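Naming: A, B, ... by sequence-line order, numbering from 1 per chain. What you see is a predicted model, and the numbers here were worked out from it, not measured in a lab.
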Amino acid sequence: RAAGEPRPILFFAAASLQTALNAVAAEWQRETGKKVVFSYAASSVLARQMESGAPADLFASADLRWADWSQERKLIRPETRRNLLENRLVLIAAANSGDQIRIAPGFALAGAIGDSRLATGDPASVPAGTYAREALTKLGVWDQVSPRIASTENVRAALALVARGEARFGIVYATDAKAEPRVRVVDTFPAGSHAPIVYPFAVTTASTNPDAQVFLNYLASPTAVRIFEAEGFTLQRRGS
Amino acid sequence: MEWLPFSTAEWVAIRLSLRVATVAALTSLPLGILVAFVLARKRFPGKALVDAVVHLPLVLPPVVTGYILLMLFGRRAPIGAFLEQTLGIVFSFRWTGAALACAVMGFPLMVRAIRLTMEAIDPRHEQAAQTLGASPLWVFMTVTLPLAFPGVLAGIVLCFAKALGEFGATITFVANIPGETQTIPSAIYTYTQVPGGDEGALRLSVVAALISLCTLVVSELIARRTGRRGVNIE
Amino acid sequence: MEWLPFSTAEWVAIRLSLRVATVAALTSLPLGILVAFVLARKRFPGKALVDAVVHLPLVLPPVVTGYILLMLFGRRAPIGAFLEQTLGIVFSFRWTGAALACAVMGFPLMVRAIRLTMEAIDPRHEQAAQTLGASPLWVFMTVTLPLAFPGVLAGIVLCFAKALGEFGATITFVANIPGETQTIPSAIYTYTQVPGGDEGALRLSVVAALISLCTLVVSELIARRTGRRGVNIE
Amino acid sequence: MISFACKLARPGFDFDVTFQSNAGITALFGPSGAGKSTVIRLLAGLTRPDRGHISIADEVVLDTDRQCDVAPHKRRIGMVFQDAQLLPHLSVRANLGFGRWFTPRDLRRIGFDPVVEVLGIGHLLSRRPDSLSGGERQRVAIGRALLTSPRLLLLDEPLASLDEDRKLEILPFIEHMRDEFGIPTVYVSHAVEEVARLASRVVKIENGHVIATGTPAEVLAPTSLAKAAGRFDALSILSGRVSRYVEDYGVTIVDHPAGEIVVPGRIEPSANAVRVVIRATNVTLAIGRSENVSVRTVLAGRIAHIETDGGPFALATIELKGGEQLKAYATRLAVDRLGLDAGDHIQALVKAVAIDERGISGLHVVDQV
Amino acid sequence: MISFACKLARPGFDFDVTFQSNAGITALFGPSGAGKSTVIRLLAGLTRPDRGHISIADEVVLDTDRQCDVAPHKRRIGMVFQDAQLLPHLSVRANLGFGRWFTPRDLRRIGFDPVVEVLGIGHLLSRRPDSLSGGERQRVAIGRALLTSPRLLLLDEPLASLDEDRKLEILPFIEHMRDEFGIPTVYVSHAVEEVARLASRVVKIENGHVIATGTPAEVLAPTSLAKAAGRFDALSILSGRVSRYVEDYGVTIVDHPAGEIVVPGRIEPSANAVRVVIRATNVTLAIGRSENVSVRTVLAGRIAHIETDGGPFALATIELKGGEQLKAYATRLAVDRLGLDAGDHIQALVKAVAIDERGISGLHVVDQV
Ligand SMILES: Nc1ncnc2c1ncn2[C@@H]1O[C@H](COP(=O)(O)OP(=O)(O)OP(=O)(O)O)[C@@H](O)[C@H]1O
Ligand SMILES: Nc1ncnc2c1ncn2[C@@H]1O[C@H](COP(=O)(O)OP(=O)(O)OP(=O)(O)O)[C@@H](O)[C@H]1O
Ligand SMILES: [Mg+2]
Ligand SMILES: [Mg+2]
């Protein structure tokens with residue numbers, strides 16, 4: 001880093017946001033000439049690193065709980081926090097499978113799984129899994145389905161299991177399903193079946209970089225929105 | 001066992017982990033010994049390649065190893081399908097798959113330990129056995145292997161310990177199904193992913209550490225009884 | 001190097017990984033040799049405990065090891081703060097921290113390899129050196145260490161290979177900052193986290209595998225030159 | 001029948017040894033570094049020559065020209081290494097049993113108990129090799145080799161670090177093996193008496209090449225005045241027939257055409273000739289009868305030849321009655337004073353007590369109780 | 001001055017050895033498994049006794065009662081192990097230099113080149129121990145020990161696997177060490193002549209206990225009729241003064257009160273007495289003069305005593321003029337035939353050629369060129 005050059009923003013972001021955020025940052029750099037450096041990892045890891053003094057400027061969590069946890073510890077500035085992005089939960093199957101099933105209360109998911117598995121993030125720890133459990137519970141099929149759950153460390157692993165036919169179905173985010181050609185969306189979970197899937201963004205308490213807030217604002221710019229939507233995210237109404 | 005501070009799920013994970021680690025360490029042993037012997041004693045073209053393949057699980061991130069396992073031993077995968085049809089062995093989403101993942105991850109460690117002791121054996125011992133009429137196989141069984149015992153023991157311990165801690169490849173290959181594939185490290189990981197899970201993670205970490213301590217003490221005792229010169233045959 | 005199919009970020013990760021692995025393997029060597037020697041030759045109360053602590057990084061999920069490092073060597077942590085104030089050494093979110101994490105993760109492997117060869121040394125060689133006037137330190141330097149060279153070499157290789165693949169502890173301890181702490185495995189991880197990243201993950205995995213192949217070939221050549229009986233001193 | 005011809009080039013050492021022997025025991029004799037152990041290792045198949053042909057009892061075990069190389073474990077040899085080489089992880093008992101175990105049951109001709117007893121290792125059976133003394137280790141190694149009931153026994157200085165008493169117990173046993181089981185043996189030793197007693201053929205090696213082969217008498221008898229130190233290696237071997245055992249005195253009288261040879265101890269009379277090894281330094285020459293000395297063995301002969309040089313010694317070759325030759329060392333001083341010369345008829349006096357039991361085959365020394 | 005007293009209990013072996021010696025060379029003598037190497041290891045500090053006290057040259061190196069135990073590397077010993085124990089990762093040169101390197105420069109008294117030359121290992125310097133023959137290895141080990149310029153030399157059967165010629169080159173060198181540098185030496189050997197020649201004190205060990213200590217004459221001379229095999233170990237040691245070297249015949253005449261002893265080779269005349277070792281089996285007894293035999297050494301004496309038993313041998317103790325005793329073996333047969341008895345005046349005939357150079361200190365054998 002040459003002297004005088006402004007220090008780049010260090011952005012701690014959930015790994016699943018990688019493609020979209022990289023594209024936005026590239027756009028921003030083209031416009032402003034300023035760089036953003038990302039450190040992608042699980043939200044939990046990022047939160048703990050901030051706690052132990054990580055020099056991050058921005059934090060994007062894939063998980064409400066870790067955003068709250070960080071806020072409690074005064075690691076992020078509450079006034080800057082906003083749920084910028086929203087995602088949808090979908091039921092997927094391998095692209096070459098013929099399975100057809102409509103999501104509805106009490107739908108016959110367990111029967112459709114048979115002796116195979118339903119792959120999703122770990123309900124106890126991975127947000128996608130948590131949402132999946134919530135939705136299935138609300139639809140009244142969790143008890144039948146839960147013994148057939150294959151929970152994974154992250155959504156990508158669940159995606160791979162379905163793509164390779166190891167698991168017959170999977171529950172993942174719409175964004176993930178969209179990017180993986182070997183899987184097919186069977187149906188989308190109704191919005192009311194689970195809490196909104198949101199991605200909280202915030203400037204960290206430790207940040208001294210004035211660009212942090214600027215870039216956070218840029219993430220809501222039309223350019224950024226276009227990129228996010230292309231990736232399959234839906235945009236939150238401002239400020240909620 | 002109610003007086004112990006573990007939930008049922010945790011007990012299940014502990015028991016499963018012990019089973020997976022034991023099976024992983026013991027079933028990979030014969031192949032480990034064989035590969036170690038070949039690498040220690042033979043020269044052949046492509047030896048470096050074999051060596052590299054053995055080391056691969058060490059070099060690649062566990063997640064990648066997990067994917068590779070999935071691509072080879074999954075139900076729909078060539079080897080996996082073959083094994084299921086011929087021998088009825090299924091790895092995917094079974095504890096056997098967890099054991100396979102752990103075995104693969106521990107394999108480089110096991111092979112290296114055994115190989116190192118084999119390389120340290122004075123070849124004159126093997127020559128002496130030869131002159132006494134022992135064929136190469138018998139020399140291997142009665143001299144090389146017993147003298148390499150410290151390495152075999154260390155290999156088992158390393159593989160066992162690795163299996164207690166292995167998580168990336170396991171969870172990628174066979175997911176994290178309580179009672180079937182959720183081992184201690186998977187459970188710990190789950191705890192670390194939720195705020196406030198620290199206490200549970202710590203508890204299980206201590207368990208893992210204690211198990212490995214026991215293993216080490218036992219192996220140390222065995223090693224002391226057998227002595228520097230390998231296992232004593234009567 | 002434009003003709004090579006790597007992005008600048010990937011090149012940075014590869015170079016960083018090489019640096020981290022080399023530093024990790026070499027700086028942990030002196031302590032590794034010392035600990036291996038103590039475990040191989042001394043008997044003292046609490047030896048099993050030392051042994052267990054050395055094995056801990058193997059037994060605990062890497063994430064836990066990463067957290068422990070964070071709690072010990074982070075900027076706000078006791079040791080980390082002390083080191084920063086006295087020696088100016090900062091680990092947190094620096095490549096040095098990545099090297100520390102890799103060294104810690106590779107330590108059990110290194111210690112075991114060295115220990116195994118040390119245990120295989122015929123104590124009469126050391127006795128002979130003693131009668132020739134070599135003090136214990138000199139015996140160690142001129143006999144034990146040269147004869148344990150195959151183990152030292154293997155220890156370096158194992159630690160290096162492990163450092164090439166280590167990711168859990170690294171990413172947890174020092175995050176995944178390109179150019180500073182993003183090593184090959186972290187970069188692979190990042191690729192695997194998004195759909196369509198497979199190709200990049202594969203590319204980098206092949207690089208890691210090739211680097212380890214080179215290391216193995218080199219170590220094999222060194223081993224062959226020095227021979228079964230360790231390094232030859234003139 | 002052993003036929004051996006091997007070439008091997010090592011940096012600074014050029015090995016090219018060829019010999020044949022159908023002796024019971026073939027001795028390899030030569031200075032340190034001559035290549036004796038190399039011959040043994042080649043016979044065992046542990047070293048491969050650059051070029052070579054080896055056959056044992058008419059079976060070709062090595063022929064580099066025909067790509068034939070029988071593996072060591074198939075050669076059915078019993079080998080005693082120069083440095084014992086016991087298997088460190090096995091007890092003494094297991095070491096002894098190791099080779100035996102690989103011997104097909106019907107080929108096991110040598111019993112465990114007698115071997116253990118002769119070698120005096122009964123009290124060591126449950127010990128580990130690490131804890132044995134040097135000599136104990138060597139004895140176990142001998143036992144281990146014998147217990148394989150081998151087709152060929154290779155002994156590389158098996159008795160080097162044993163005391164005289166022990167040697168005298170083990171030597172007859174090795175002879176017994178040779179006689180009873182007809183196991184051909186190749187024996188490396190620096191001790192002349194051992195070689196002379198045991199071997200019927202001696203191959204003398206120096207610097208990787210055979211410099212002499214023949215019967216012990218031919219090879220070991222001094223053909224010329226060797227350098228001074230070598231004279232203790234010089235001996236003559238006389239063949240005689242056991243006449244009788246003199247119970248009262250515990251001595252055996254061996255009939256020889258030149259006179260009676262008195263040998264301490266009992267030799268069983270047999271149809272075979274016995275070999276008596278007489279060191280050239282132990283022969284005293286006398287002119288005329290010498291009744292007044294304490295020497296009972298007096299052999300009549302004629303000096304064939306006296307060789308002298310500038311040194312203190314003279315080597316006399318005596319033609320005994322019956323045709324055998326006896327070599328005798330004397331000082332030149334004594335030769336001159338007695339006026340000895342070729343053609344003189346003389347008496348050769350040999351002290352019975354100086355005849356080494358190691359030099360007589362078939363001898364059982366009668367210990368007083 | 002060495003003072004040694006150690007106890008050590010091993011399963012089945014009870015070791016309790018006490019001896020003192022201020023001899024230049026102290027020999028340890030005894031059968032295989034007696035505990036000789038154990039004494040050496042205790043002296044070196046490589047084995048710790050259950051209880052013990054060892055002092056070397058007035059420095060206490062071990063005293064279990066006072067918790068004193070000087071580490072092996074501080075004892076400044078030069079040790080030759082029974083099995084060489086060269087460092088496998090070092091070249092021969094580095095092995096030789098290893099101990100030298102740890103010797104402070106001002107204490108280095110022994111030169112590299114002469115050692116290498118005497119041991120005949122010059123051509124091996126760049127080789128690895130692995131590639132040496134048994135005897136070569138042993139020679140390097142001897143050189144390595146000498147080159148530390150030790151305060152105490154411990155030799156455990158250093159010459160066991162060497163040929164006679166080589167032994168005769170190395171022995172004078174060890175004597176030279178003793179004489180020139182005054183390095184006290186403890187020497188383990190099974191060879192009687194070696195012991196008799198080198199040692200001025202012999203400690204005989206059996207089964208972990210000292211059964212005799214004294215001068216070689218006291219310990220090795222047969223005090224009673226030992227079992228038959230032991231008679232080759234029996235010798236007498238006579239002290240005489242060099243009278244002259246007979247240039248013409250290459251022999252030295254040693255004056256002894258009982259007569260002249262003719263010794264082959266040249267001994268430099270000196271004020272000191274020379275020791276001549278005479279094996280009891282090499283002495284022939286004669287009644288009256290025996291001018292007609294090729295023996296020049298004739299010692300006059302009186303039979304003090306003849307011991308016999310049921311066996312073939314008789315052991316005569318002869319009181320020589322001047323008071324020294326000479327032991328002589330004969331067969332009982334010969335004793336009876338000659339009618340020898342205590343009190344008889346006799347002549348003891350000793351063949352010069354049978355006097356082993358190894359048995360005479362200070363002798364330089366004149367090789368003919
Ligand atoms: N691996 C090797 N490389 C080079 N030279 C060797 C090797 N092994 C043996 N030699 C040399 O070959 C020669 C013969 O060795 P060998 O062991 O046969 O001697 P030896 O007659 O048994 O001697 P000794 O009586 O001392 O045991 C020696 O000079 C030795 O140095
Ligand atoms: N570690 C041990 N454990 C038990 N017994 C031992 C141990 N080491 C040596 N011994 C015994 O102690 C006795 C003395 O051994 P030592 O090596 O001193 O004999 P030695 O007199 O040198 O014999 P040799 O002439 O055969 O070398 C032997 O009987 C041996 O078996
Ligand atoms: Mg040899
Ligand atoms: Mg000994």
Q: In terms of heavy-atom proximity below 4.5 Å to chain B, should Leu60(C) be classed as side chain, backbone, both, or neither?
A: both

Q: Counting only non-hydrogen atoms closer than 4.5 Å, does Ser205(B) touch chain C with its backbone (N, CA, C, O), its side chain (CB onward), both, or neither?
A: both

Q: Which bit of Ala161(C) is near chain B, if near means a heavy-atom gap under 4.5 Å: side chain, backbone, both or neither?
A: both

Q: For Leu49(C), which atoms come within 4.5 Å of any heavy atom of chain B: side chain, backbone, both, or neither?
A: both

Q: Who among Asp51(C), Val63(C), Val217(C) has the most heavy-atom pairs with chain B under 4.5 Å?
A: Asp51(C)

Q: Could you tell me which non-hydrogen atom of Ala120(C) sits nearest to which non-hydrogen atom of Ala120(B), and how far apart they are?
A: CB-CB, 3.8 Å

Q: Look at Ser186(C), Ala52(C), Gly151(C), Pro61(C) and state which one has the largest set of heavy-atom pairs under 4.5 Å with chain B.
A: Pro61(C)

Q: Taking the side chain as C-beta and beyond, is there a heavy-atom pair between Val157(C) and Arg112(B) under 4.5 Å?
A: yes

Q: Does any backbone or side-chain atom of Phe160(C) lie under 4.5 Å from a heavy atom of chain B? Answer side chain, backbone, both or neither.
A: neither

Q: Does any backbone or side-chain atom of Leu56(B) lie under 4.5 Å from a heavy atom of chain C? Answer side chain, backbone, both or neither.
A: side chain

Q: Among Ala209(C), Pro108(C), Ala48(C), Ala154(C), who wins on heavy-atom pairs under 4.5 Å with chain B?
A: Ala154(C)

Q: Any side-chain heavy atom of Leu58(C) sitting closer than 4.5 Å to one from Leu109(B)?
A: yes

Q: Run the numbers on Val64(C) and Leu204(B) for side-chain contact (heavy atoms from CB on, under 4.5 Å), then give the verdict.
A: CA-CA 11 Å; Val64(C) 174; Leu204(B) 285 179; over 6 Å; no

Q: Top residue by heavy-atom pair count (under 4.5 Å) with chain C, among Leu164(B), Thr65(B), Ile188(B), Leu116(B)?
A: Leu116(B)

Q: Using a cut-off of 6.0 Å, state whether more than 12 heavy atoms not belonging to Arg76(B) lie near its atom CZ.
A: no

